[in-house]
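Worksheet: the structure to be examined is printed underneath.
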Amino acid sequence: MDQAAERRLELEKEAGELRAKEREAQSRRENASRELARLQERSDNLQKEYDGVITRLWEEYELTRREAEEVAAPIEDLPAAQRRLQDLKNRIKALGAVNVGAVVEYQEVSERYEFLNGQVGDAEKSKAELLELINQLTAQMRQQFTERFGEINQNFGAIFRDLFGGGGAELSFTDPSDVLASGIEIKVHPPGKIVSHIESLSGGEKALVAISIYFAIMRVNPPPFCVLDEIEAALDDVNVARFAQYLRRMSATQFITITHRRGTMEGSDMLYGVTMQDQGISKLLALRTDEAAEFSA
């Protein structure tokens, strides 16, 4: 009992660590998803602002970014440039009112564009990093899920044969290419029967299949204790006895069963019941089955 208690504490500690890692991974994934959505919104806003700047440059000055860069040139002959400037001023004056601050505005727009372009680049880089992180987490989840699913499938086949006294069973993905979003197909073949669909099984057989899957999951990561409420109610007496025997084989978990079936009671270590010997007064009774067997003998 001391060794079992020590082992139980180790398993509880290991289970707690695994659950903490699972919560941490889930938290990182949620944070990454939120950060991705925020950066995507930021990228969209920056793109809209950039488009607005380019549109303004065209509507007010009828220049594209490339054309504006091509217009700029170094001055080689200053007197000729001054004469050219005076001529252009006269022609502009003849045209009427002109926005003399266009050059300054263009410089401001150009600086703003460079700034926004850098911001867009940073946003795109952050987005790529977040997508890479999400892909890595998804790949890890897919690998872990596939490995655990394989263990559960192997346990399911063995437990099914133990509870049914033979036959075979397996679990498979409906879409192996995307296991995280795939459905799961249950294939069972009880001994002496040909089953094309699980719905053709009786109620007791369906319950025993469900119990097999449940125990297969528990064997991958056994919990310290488990409460079972009438899960064997639909089984016949033979299968109830097999169910009770298998419960005793799963020594890593302490089971608390709520039942009215005699076979389950006989396979239990301790029985608890409620009686009402006096009207309106309930009384809890406890009985160890080994002591009851010695007493009856």
Side-chain angles (χ1 to χ4, degrees), residues 1-28 140-141 143-165 169 171 207-235 237-276 282-297:
M1 290 178 62
D2 292 341
Q3 293 176 354
E6 183 179 359
R7 177 60 176 164
R8 175 183 175 182
L9 292 175
E10 293 175 356
L11 292 175
E12 288 177 348
K13 182 179 179 181
E14 183 179 356
E17 294 175 351
L18 291 174
R19 285 192 292 268
K21 290 181 180 179
E22 180 184 7
R23 289 192 297 269
E24 182 180 358
Q26 184 67 25
S27 177
R28 290 201 305 270
Q140 293 177 3
M141 293 172 59
Q143 179 183 359
Q144 293 179 4
F145 180 73
T146 303
E147 292 175 355
R148 295 296 185 271
F149 184 82
E151 295 176 8
I152 293 174
N153 185 31
Q154 185 177 2
N155 294 336
F156 176 50
I159 295 173
F160 181 88
R161 289 189 293 271
D162 291 340
L163 295 181
F164 277 84
L171 303 174
L208 205 57
V209 170
I211 293 172
S212 301
I213 297 177
Y214 185 63
F215 285 166
I217 297 174
M218 291 182 62
R219 287 186 62 178
V220 174
N221 188 16
F225 67 91
C226 177
V227 179
L228 304 178
D229 186 2
E230 300 279 0
I231 68 171
E232 84 289 23
L235 304 182
D237 293 338
V238 175
N239 287 328
V240 169
R242 291 177 179 171
F243 164 77
Q245 293 174 0
Y246 198 83
L247 282 183
R248 300 189 66 86
R249 293 171 56 184
M250 299 185 66
S251 57
T253 301
Q254 181 179 4
F255 288 94
I256 302 174
T257 58
I258 302 173
T259 183
H260 292 87
R261 301 303 299 271
R262 180 172 180 176
T264 305
M265 297 180 189
E266 291 175 349
S268 302
D269 295 327
M270 177 71 74
L271 298 178
Y272 295 94
V274 179
T275 184
M276 188 180 293
S282 299
K283 183 178 181 181
L284 180 65
L285 299 179
L287 177 66
R288 294 188 62 88
T289 54
D290 53 353
E291 294 177 356
E294 293 178 359
F295 179 78
S296 62

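Under the 4.5 Å side-chain criterion, counting only non-hydrogen atoms from C-beta, Asn221 is not in contact with Glu14. The shortest side-chain heavy-atom distance between Asp162 and Phe215 does not fall under the 4.5 Å cut-off. Side-chain contact between Phe255 and Met218 is present, with at least one heavy-atom pair separated by less than 4.5 Å. Tyr272 places none of its side-chain heavy atoms less than 4.5 Å from the side chain of Ile258. Thr259 has its side chain within reach of Met265: a pair of non-hydrogen atoms, C-beta onward, lies under 4.5 Å apart.
Atom-to-atom distance recorded for Arg249:CZ and Arg219:CZ is 7.0 Å, nearest 0.5 angstrom. In this structure, the separation between CD1 on Ile217 and CD1 on Ile152 is 5.0 Å, given to the nearest 0.5 Å. Taken to the nearest 0.5 Å, the CZ atom of Arg19 stands 10.5 Å off from the CD atom of Glu17. For the atom pair Thr146 OG1 and Gln144 CD, the distance stands at 10.0 Å (nearest 0.5 Å). Rounding to the nearest 0.5 Å places CG of Asn239 at 14.5 Å from OH of Tyr246. One finds the CG atom of Asn153 at 10.0 Å from the CD1 atom of Ile213 (value rounded to the nearest 0.5 Å).
Considering every non-hydrogen atom in both Ile159 and Ala216, the closest pair reads CD1-N, 3.5 Å. What you find for Phe160 and Ala169 is that their closest heavy atoms are CG-CB, 3.5 Å. Contact record, Glu232 with Arg261: O-NH1, 3.3 Å, taken as the closest heavy-atom pair. Listed here is the closest heavy atom pair of Ile231 and Ile211: O-CD1, 3.7 Å. Between Arg242 and Gly165, the shortest heavy-atom distance links the atoms NH1-N, 3.5 Å. The minimum heavy-atom distance linking Leu11 with Ala252 is given by the pair CD1-CB, 4.5 Å.
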**Request:** Could you check Arg8 against Glu12 for salt bridge (charged side-chain N to carboxylate O under 4.0 Å, His left out), going step by step and ending with a plain yes or no?
**Result:** CA-CA 6 Å; Arg8 175 183 175 182; Glu12 288 177 348; 3.1 Å; yes
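At least one donor-acceptor pair closer than 3.5 Å links the side chain of Arg248 to the backbone N or O of Gly267. Using a distance-only test at 3.5 Å, with no hydrogens or angles considered, no donor-acceptor pair links the side chain of Ser27 to the main chain of Arg23. A side-chain donor-acceptor contact under 3.5 Å links Thr253 to the backbone of Pro223. For Ser268 (side chain) and Thr264 (main-chain N/O), a donor-acceptor pair under 3.5 Å exists by modelled atom type.
At most 12 heavy atoms of other shown residues, nucleotides or ligands fall within 6.0 angstrom of atom CZ in Arg262. Heavy atoms from other residues, nucleotides or ligands lying under 6.0 Å from CD of Glu151 number more than 12. Applying the 6.0 Å contact sphere to CZ of Phe225 captures no more than 12 heavy atoms from other residues, nucleotides or ligands.
Here Arg161 pairs with nothing under the salt bridge (Lys or Arg N to Asp or Glu O under 4.0 Å) rule; sequence neighbours left out.
Here Lys13 does not pair with Glu10 in a salt bridge; the nearest charged N to carboxylate O distance is not below 4.0 Å.
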